[in-house]
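Quantities reported herein were computed from a predicted structural model and do not represent experimental measurements. We count ligands from 1, going down the list as the structure has it; atoms in each ligand are counted the same way. What's counted below: heavy atoms across the whole structure, side chains too, no hydrogens, waters or symmetry copies.
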Amino acid sequence: MAKEGHKYIFVLGGVMSGVGKGVVTSSIGLLLEQKGYPVNLVKVDPYLNVDAGTMNPTEHGEVFVLRSGLETDQDMGNYERFLGRDLTDADYMTSGMVYQSVIARERALEYGGKCVEAIPHVRDEILGRIEKAAAHNGSRVSVIEIGGTIGDFQNALFIEAARVLKMTRPEDVLFVMVSYLPTPGTLGEMKTKPTQTAVRDLNSYGVQPDFIIARSKEPIDEKRKEKLAVWCNVRKDRVIAAPDIKSIYEAPLNFEKDKLSDALLDALKLPQKRRASLAAWRKFALAAANAKAPEVRIAIVGKYFDTGDFVLSDAYLSVIEAIKFSAAKLGRRPKITWINSKDIERGGGSAVAALSKYDGIIVPGGFGETGIEGKLRAIQYAREKKIPYFGLCYGMQLMVIEYARNVLKLKNAHTTEIKKNTPDPVVAVMLEQKKHLADNKYGGTMRLGVYPAYLKKGTLARAAYKKELVEERHRHRYEINPAYVKRLEDAGLVFSGTSPDSVLMEIAELPRAAHPFMLGTQFHPELEARPLSPHPLFTEFLKAAIARHRKHS
Ligand code: GLN
C-alpha cells in the first residue's frame, strides 16, 4: 500500500516523441531535491523487450547498465547524472517485465483460477511496481516518466494505472505534459493547436494535465501561455517555457526562471522548505556551455552511427557526456568528431593518417565484426604516433589484439567473437559464457553490472583514481584470454587493473615512458561519470589530449 502522504508526478509526452521528457523528469528530480524533498525517478518503457539489453543501439540508442547489472534505457543515465547518484532495478520497468511477472504468476496458479486480464491484473502489477519504487529510503516524491506519446497504443495501460492512482489519491498525484509547439517556417509563428489536441487526447483517458512544459524553439510568450491555459484548462503559471538550449544541463536553470519548483510544491501542497541551491550546478552548466573555452579535439571511432541519413550519436550518449564533464572541469570545449570505422577501412592509408589532426582518439564499446579492421588500424596509428588513446570495453579488447598482432607478431590474433577458430584467441569467452551461447541465452546473460578491480601501483590507472580498489560497471561476454597475459606483459603491455583473483584483466595500458596515454578498460567508465564528479580516467585522457593540442598548435 502507498506510503502516507507520498506524492507522485507523472511525466507524459504530447504531440511527438523526442521532446525531452527524460530531461524534464531529471530536472524535476534535481529541483525538488534542491528544495529539500528527496525523490525517486522511474522510467517506464512501453516495449515488450524485458530489458533494453537485446536492442540494437541504432534502434534505441545506448543501453545504460545499472550497478546491479540491469540493462536499461539511456534516460536512466540522465536521471543518474542529474541526481548524482545510482538508481536501482525498482526504478525501471518495461511492458515486457510487467507482463512476464503477471504470466509467471498465472502459471503458478496465483490468481486462484480467475481469468487474468489487462485490467485489473496488469494494471495492478504496474501500480505495485510504482509503490515498490516509492518505498525507497526517504523518498517523498516519485517522478515517473511514461515513455512514448499520448495516443500510443502501447503506453495506454500505464496511463490508466496513473489515472487510477489519481482517482484514489487526488491530492497526491500530478500530471505534467511535455509538449511541442512548432513554428512552421512558412508562418513564422508558434502554434499551440497540436498541444491543444494532445490535451484533448489525454482527456479522453480521463486524465487532465496539471502542468504543460512547452518545448519550442524560442521561449513561449505570454499570449500563447494564456491561450494554452484557456484551451487546455491549465493554470497560466503552470505553463512552463522550455525553449531549445545548447546543453541539457541548462534545463533546470531555465525551468526555475518560470518558477517550476515553487509551482510544483504548491500544486502538491508541500510546504516550502528552502530555496533551490543550484550554485554548483550552475557553475558546471556554464562551464559546459562556454563557447569561448579553448577546444580539445576528440575523434570517436565507432560504427553505430548511421540510421538512414542521420548520424545517431545516441548510441554513445554516456561517452559524450563523460567527455563533457571532464572537459568542463579542465576548462575546455570538446569538439567531438564521429568517424565511422567502415570509412577508415574504405579510405585506407590516407583515412588513417587523417587521424593525426585529433588530440585524442576513443574506440567505444561495440559488438560484432563490422568495422573491426578500421578500428584496429586507428588504434595502431594512435599507438605508433603517440596520440592519446582511450579504449572502452571493445576498444580495450581491440587495443590488446592490435598489440598482439603488431608487437607480439601474432598476425592472426583475434577475438573468438569474430573468428571462432583463430589460432591466437587473445580475446575469448570464459566457461560460463560458453554455456549461455550454446543455449541461445542472450538476454541479461553478459558479465553485467559492478565488479571490483585492483589497481597496480605505479600505473596510469592508479595515479588517476588515486586508490587501489575500484568498482566499475561491465557489459560484455568476452575477456582477455589469461593464456596470453604473460606474453603480452613481456612485450611491454601493462595490465594495471585486474579482478581480485587476478584472472580477469580489467585495465590495459602502456607505460608513460612509451606513450602519453594509451589505456583501455574492460568496463564502461562512462557509466559512472557525473557532471559534478567527472570520471578520473576521462579526465586523465583529456589532460593528455590537451597536452598534445598545446604541442601541435
Ligand atoms: N563485444 C565485446 C564483448 O562482448 C565488447 C562488448 C562491449 O564493448 N560492451 O565482450
- Task: Would you check whether C393 has a nitrogen or oxygen atom less than 3.5 angstrom from a nitrogen or oxygen atom of ligand 1?
- Result: no
- Message: I need the contact type for E417 against ligand 1. Using non-hydrogen atoms and a strict under-4.0 Å cut-off, is it side chain, backbone, both or neither?
- Response: side chain
- Return the residue, atom name and 0.1 Å-rounded distance of the protein heavy atom closest to atom 6 (C) of ligand 1. G366 O, 3.4 Å
- Message: Among R333, R332, K335, exactly one meets salt bridge (charged side-chain N to carboxylate O under 4.0 Å, His left out) together with E295. Which residue is that?
- Response: R333
- Message: Aromatic contact between Y403 and Y484, with the criterion being ring centroids under 6.0 Å apart: yes or no?
- Response: no
- Report the part of R475 in contact with ligand 1, treating N, CA, C, O as backbone and CB onward as side chain, heavy atoms under 4.0 Å; options are side chain, backbone, both, neither. backbone
- Any idea which part of H524 is under 4.0 Å from ligand 1, heavy-atom wise: side chain, backbone, both or neither? side chain
- Which word best sums up how the rings of W281 and F82 line up, parallel for under 30°, tilted for 30 to 60°, or perpendicular for over 60°? tilted
- Note on the structure: Under 4.0 Å from one or more heavy atoms of G365, ligand 1 contributes atoms 8 (O)
- Hey, does Q397 sit under 4.0 Å from ligand 1 if you only count heavy atoms? yes
- Between D359 and R550, is there a salt bridge with N-O shorter than 4.0 Å? no
- Hey, do the aromatic rings of H524 and Y394 have their centres closer than 6.0 Å? no
- Parallel, tilted or perpendicular: rings of F538 and F390 (30°, 60°): perpendicular
- Considering only the protein, which heavy-atom contact is closest to atom 10 (O) of ligand 1, and what is its distance? Y478 N, 2.9 Å
- Note on the structure: The single option from D73, D75, D45 that satisfies side-chain hydrogen bond (donor to acceptor under 3.5 Å, both in side chains) with Y92 is D45
- Give yes or no for whether the N/O distance cutoff of 3.5 Å, strictly under, is met between Q522 and ligand 1. no
- Task: Before signing off on this row, confirm whether R477 and ligand 1 have an N or O atom pair separated by under 3.5 Å.
- Result: yes
